[in-house]
Amino acid sequence: MTEYSGSGDPKRSLELLWGVREKPKRGPKPRLTAEEIVRAAIGLADAEGLDAVSMRRIADELSVSPMSIYTYVPGKAELIDVMVDRAFGELTPPEGETWRARLEHIARGGWALFHRHPWMLQITTVRPPMGPNLLAKYEYELRAVDGLGLTDLEMDSVVALVTGFAESAARVSVNAAEAERRSGMSDEQWWESVAPVLDTLVDEADYPLGTRVGTAAGQEYNAAVAPRRAFEFGLARVLDGIEVLVSSR
């Protein structure tokens, strides 16, 4: 199921993201903090997927009542915003000496992040959570291409191209791993079961290019797809294209 960041109450979400949500003024000393709730939610999502994250499950993990969670977090929509922002906080600013090395660092960081937290691929961030980590991330991504002669809009587009490519490539990789987990079959085992049947149904003469190229790729990858190889190849080509743009300046 796809979730959407920015779908909750904007004010309450921002207060939670920036740690300014009001704390209870009466009653016993609070047993929890918002950060503890967010960490528990991320742990659940890492282990069981985003669908497992609910106020009741988080309360069970923290040994408190579900209602006590709402004291700190308005609802799941606002919680998702904070989960995404905190996950982005794991990324590190690029330190490469060249713009190409810096953008490569950004892409590889994103690829690794989505593999650590596959649930992030279930969240559409058209309305991004405007938290401290996401804003810091955008700032250092822009610094990676600052001073190259690009316009502000070109800088924004270059960053979006690189981060979008990393997310798309990671999605293929994560989905491939999930397909293997759910089916209980490796890619090699799947192909061994499919190939004999396919041979009886398909005349290779009807698909000469697909047969030739697909056979070469299958023999090389020992699988239908090779996500890591596709990521490396695609990243190099994306950076080559950006180099053409930078060189034109």
Side-chain angles (χ1 to χ4, degrees), residues 3 5-6 17-18 35 38-39 42-43 45-46 50 80-178 220-221 223 225-249:
E3 297 280 358
S5 66
L17 281 161
W18 290 89
E35 283 303 312
V38 173
R39 285 198 299 270
I42 290 176
D46 287 345
L50 196 60
I80 284 174
D81 285 349
V82 186
M83 290 170 65
V84 171
D85 186 71
R86 296 303 183 264
F88 277 134
E90 297 176 15
L91 297 173
T92 59
E95 299 178 352
E97 294 184 2
T98 67
W99 65 263
R100 189 169 179 126
R102 293 191 292 270
L103 289 181
E104 185 174 335
H105 175 101
I106 289 169
R108 294 189 186 283
W111 164 274
L113 182 70
F114 289 121
H115 281 81
R116 287 197 303 274
H117 304 300
W119 52 268
M120 293 183 70
L121 297 170
Q122 295 177 252
I123 300 172
T124 298
T125 55
V126 175
R127 295 178 177 177
M130 305 301 286
N133 292 310
L134 187 140
L135 293 184
K137 169 181 174 290
Y138 185 53
E139 183 72 18
Y140 67 63
E141 287 169 347
L142 291 173
R143 284 203 301 267
V145 292
D146 191 25
L148 301 179
L150 304 179
T151 68
D152 287 351
L153 292 181
E154 287 171 338
M155 289 169 63
D156 179 77
S157 294
V158 165
V159 166
L161 174 62
V162 172
T163 56
F165 166 75
E167 179 176 345
S168 178
R171 187 182 304 277
V172 174
S173 179
V174 168
N175 286 346
E178 181 65 9
E220 177 68 21
Y221 307 154
V225 295
R228 182 77 203 204
R229 187 174 183 136
F231 170 72
E232 297 293 345
F233 180 86
L235 177 58
R237 301 296 77 77
V238 167
L239 296 178
D240 287 346
I242 295 171
E243 187 164 6
V244 172
L245 175 65
V246 171
S247 296
S248 71
R249 297 298 185 265

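Met83 places a side-chain heavy atom less than 4.5 Å from the side chain of Leu50. In this structure, Arg39 and Arg86 have side chains that are not in contact, with every pair of non-hydrogen atoms separated by 4.5 Å or more. Looking at heavy atoms from C-beta onward, Phe88 lies in side-chain contact with Met120 at the 4.5 angstrom threshold. A heavy-atom distance below 4.5 Å is found between the side chains of Trp111 and Ser173. Side-chain atoms of Phe114 and Arg171, non-hydrogen and from C-beta on, never get closer than 4.5 Å to each other. Put simply, the side chain of Arg249 does not reach to within 4.5 Å of the side chain of Leu148, judged on heavy atoms.
We find the CD1-CH2 distance between Ile42 and Trp119 to be 5.0 Å, quoted to the nearest 0.5 Å. Rounded to the nearest 0.5 angstrom, Ile242 CD1 and Ser247 OG are separated by 11.5 Å. To the nearest 0.5 Å, the span separating NE2 on His117 from NE2 on His115 amounts to 13.0 Å. Here the straight-line distance linking atom CD of Glu139 with atom CG of Asp146 works out to 9.0 Å at 0.5 Å rounding. Between Ile123 atom CD1 and Ile80 atom CD1 the span is 5.0 Å, to the nearest 0.5 Å.
Of the possible donor and acceptor atoms, one in the side chain of Trp18 sits under 3.5 Å from a partner among the backbone N and O of Met130. Between the side chain of His105 and the main chain of Thr92, a donor-acceptor pair closer than 3.5 Å is present. A donor-acceptor distance shorter than 3.5 angstrom exists from the side chain of Arg102 to the backbone of Gly96, with no hydrogens or angles considered. Asp85 places no side-chain N or O within donor-acceptor distance of the main-chain N or O of Asp81, the cut-off being under 3.5 Å. Between the Ser248 side chain and the Leu245 main chain, a donor and an acceptor come within less than 3.5 Å of each other.
Using a 30° and 60° split on the angle between ring planes, Phe165 and Phe231 fall in the parallel class, below 30°.
One finds a salt bridge joining Arg237 and Asp240 here, because a Lys/Arg side-chain nitrogen approaches an Asp/Glu carboxylate oxygen to under 4.0 Å. The existence of a salt bridge linking Glu232 and Arg108 is confirmed by a sub-4.0 Å separation between a basic side-chain nitrogen and an acidic carboxylate oxygen. Between Arg100 and Glu104, none of the side-chain N atoms (NZ, or NE/NH1/NH2) sits under 4.0 Å from a carboxylate O, so this pair counts as no salt bridge.
No option in Leu103, Leu142, Val238, Thr163 other than Leu103 meets the side chain to side chain contact (heavy atoms under 4.5 Å, CB included) test with Val158.
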Mind running side chain to side chain contact (heavy atoms under 4.5 Å, CB included) on Asp46 and Arg116 for me, showing each step along the way?
CA-CA 7 Å; Asp46 287 345; Arg116 287 197 303 274; over 6 Å; no
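Residues Pro118 and Val174 come closest through the heavy atom pair CB-CG1, 3.8 Å. Summarising the geometry of Ala87 relative to Leu113, their closest heavy-atom pair is O-CD1, 3.4 Å, with the distance given to 0.1 Å. Residues Leu91 and Gly109 share a closest heavy-atom pair of CD2-O, 3.4 Å. Of all non-hydrogen atoms in Pro128 and Leu134, the two that sit nearest each other are CB-CD1, 3.9 Å.
In the displayed structure, Arg228 atom CZ is contacted under 6.0 Å by more than 12 heavy atoms of other residues, nucleotides or ligands.
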